[in-house]
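Structure record follows, encoded as C-alpha cells.
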Protein chains: 2
Amino acid sequence: MPRILDLQMKIRSLRRFVKTEGRIPTYREMLALFEYRSKNAVHGLVKKLVHFGYVRKSRGKLAATSRLTGVLKLLGAVQAGFPSPAEEELADTINLDEFLVERPDTTYLLTVSGDSMIEAGIHPGDLVLVEKGRTPKNRDIVVAQVDDEWTIKYFIKDSEGILLQPANRKYESIRPRRFLTIGGVVRAVIRKL
Amino acid sequence: MPRILDLQMKIRSLRRFVKTEGRIPTYREMLALFEYRSKNAVHGLVKKLVHFGYVRKSRGKLAATSRLTGVLKLLGAVQAGFPSPAEEELADTINLDEFLVERPDTTYLLTVSGDSMIEAGIHPGDLVLVEKGRTPKNRDIVVAQVDDEWTIKYFIKDSEGILLQPANRKYESIRPRRFLTIGGVVRAVIRKL
DNA sequence: CTTGAACCTGAACATTCGTTCAGTTATTGT
DNA sequence: ACAATAACTGAACGAATGTTCAGGTTCAAG
C-alpha cells in the first residue's frame, strides 16, 4: 500500500468534509472518515497534518488553514505549462478572496454594463471588484457618478482638475463641473467564461 | 442603544475571529468576544445567527456558512451604483472561490505571458483559471502545447479538424499536425490592478 | 529470523462543550 | 405608568471533546 498517496487521499476527504460541513471534523468523526478504530490513530494523523500545514491549532482547537480551504493551485506562467502529478500536490493553494480583497468591509462586486472601458480589457458582463471610500490615484479606474448615471472611467488628475476618461474611442472624456461622486476604485476585473 | 446595528457589530467581530483563527469560536470564547457574562446569552445569539444564516449547525456543531466567510458583497450592475448603508448589509455575500471554481481538484491558476489573446481581453500579467482534463468545446479558450511551448488560444473545430486561433491579428492560427496537447480550458480571467 | 520504527487498537482521563433551568434586568408598546 | 416581551445572569447538567497510556500489528532492513 502506498503511503504518501494514502495521505493525499485523506486530505482530499478532509477537504470534502470541510467544504460541505463548513468546519473541521472532530476526532470521532475522523474515525469514520479515515476508517480508523482508535482516536489515537487520529491524533497521530492530526499531528502530521499540523506539521504539513493543512490544519493548525488555535487555543487547543483545530482550525483550517488556507492550504486546506484554499482551492486554487497557483502555478507559474502559461509558458511553463502544467506540472506532473507529483509536482501538482506541492503547488501552493491560495484563496481568491484573500488574494484579491484587502478590505472586506468596503469591497463590492459589480457587473459591468456598457463598453466604455473595453480598450482596457473590461468588457460588458465582466465583474469588477470595487473598493469604496478610497481616494483614487491618478489613472486609477473608478466607478463614478456623472449626470445621475454611474459609469466606469479612468480617473485622471491634470492641471485643469479632474478628468474622467473612457477607454473607448467612441466616447469622450468628461470633465465634471461641480460635483463628482466617486463610488470606488476598481481593484480587480473578473470574467467568467 | 441600537439593535440591528448592535447585531452587525457582533457579526463583524465574529467575522474577524473566523478569519484570523480559521474556525468558529466556542460559546465560552463568544462570552469574551461579545462581552456577555452568561453562556445562555451566547446561546440566544447563536440562535439568531442561525436564523439569519450566518452560521449553521452540522451534527450539533456550529459551522460557518458562506454568508459569514464570503467576504464579497454582490451588488447589481454598475448603473445602479452604490447602495445606502442600510441596503448594504442586506447584500448577499459570496465566496469567489465557490463562485468561480467548479472542480477544485483540477483547477489551476496560471499567469498569462504574451499578448496572443489581447483582443479577447486577456492581457499579459492576467491570471487565468484553468480547468484541466475537460474536453474543450468549440470556441473555448484553451491552454495548449504547440512545438514544446504552451500558449493560450481559441479552440476551434471545423471541417478540416482542429484550429488554434489567437485573438491578435499579429499572430497566425495554428493547425496542429499530429499531436495536440490540451492543458485545460480557461474558465475565468482575473486581473488585479 | 530478528529487530526496530512507524502505526495502530482500546480504554481511561480530566477538561470543556453546548444546553437547560429558574430568576433577574432591560426594553418596548400601550 | 404599567404590563408584556425580549434579553441576560448564574449555576447545574450530561455528553462529547482531545489527550495519554500500555500494549498490539505491520512492514522493511539487517
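Scope of the values below: all heavy atoms of this structure, side chains included, with no hydrogens, waters or symmetry mates. Every chain is numbered from 1 and lettered A, B, ... according to where its sequence line falls, protein lines coming before strand lines.
- Proximity of a side-chain donor or acceptor of B:Arg169 to a complementary backbone N or O of B:Glu119 within less than 3.5 Å is not detected.
- Between the C1' atom of C:dA6 and the CG atom of A:Leu7 lies a distance of 14 Å, rounded to the nearest Å.
- With hydrogens and angles left out, the side-chain atoms of B:Asp115 and B:Tyr171 include a donor and acceptor closer than 3.5 Å.
- The listed nucleotides are C:dT16, C:dT20, D:dA16; the one nearest the side chain of B:Lys61 is D:dA16.
- Around atom NZ of A:Lys192, more than 12 heavy atoms belonging to other residues, nucleotides or ligands sit under 6.0 Å away.
- Between the CZ atom of A:Arg28 and the P atom of C:dT16 there is a distance of 18 Å, given to the nearest Å.
- Between B:Asn40 and B:Arg59, the residue anchored nearer the 5' end of DNA chain D, judged by the nucleotide with its closest heavy atom, is B:Asn40.
- With rounding to whole Å, A:Arg37 atom CZ is found 16 Å from D:dG23 atom C1'.
- Rounded to whole angstrom, the span from the CG atom of A:Leu62 across to the P atom of D:dT19 amounts to 7 Å.
- Checked against D:dC21, D:dT19, C:dG18, the side chain of B:Tyr27 finds its nearest nucleotide in C:dG18.
- For B:Lys57, counting side-chain heavy atoms from C-beta on, the closest listed nucleotide (C:dT19, D:dC21, D:dG18) is C:dT19.
- Within 4.0 Å (heavy atoms only), A:Lys48 reaches sugar-phosphate atoms of the nucleic acid but no base atom.
- Checking A:Ser58 against B:Arg23 by side-chain atom types alone, a donor-acceptor pair falls below 3.5 Å.
- Across C:dT9, C:dT19, D:dC8, the shortest atom-to-atom separation from the side chain of B:His43 is found for C:dT19.
- Taking atom CZ of B:Phe34 as the reference point, atom C1' of D:dT9 lies 18 Å away to the nearest angstrom.
- A:Lys39 comes within 4.0 angstrom of a base, heavy atoms only.
- The side chain of A:Ser38 lies closest to C:dT9 when the candidates are C:dC21, C:dT9, C:dG18.
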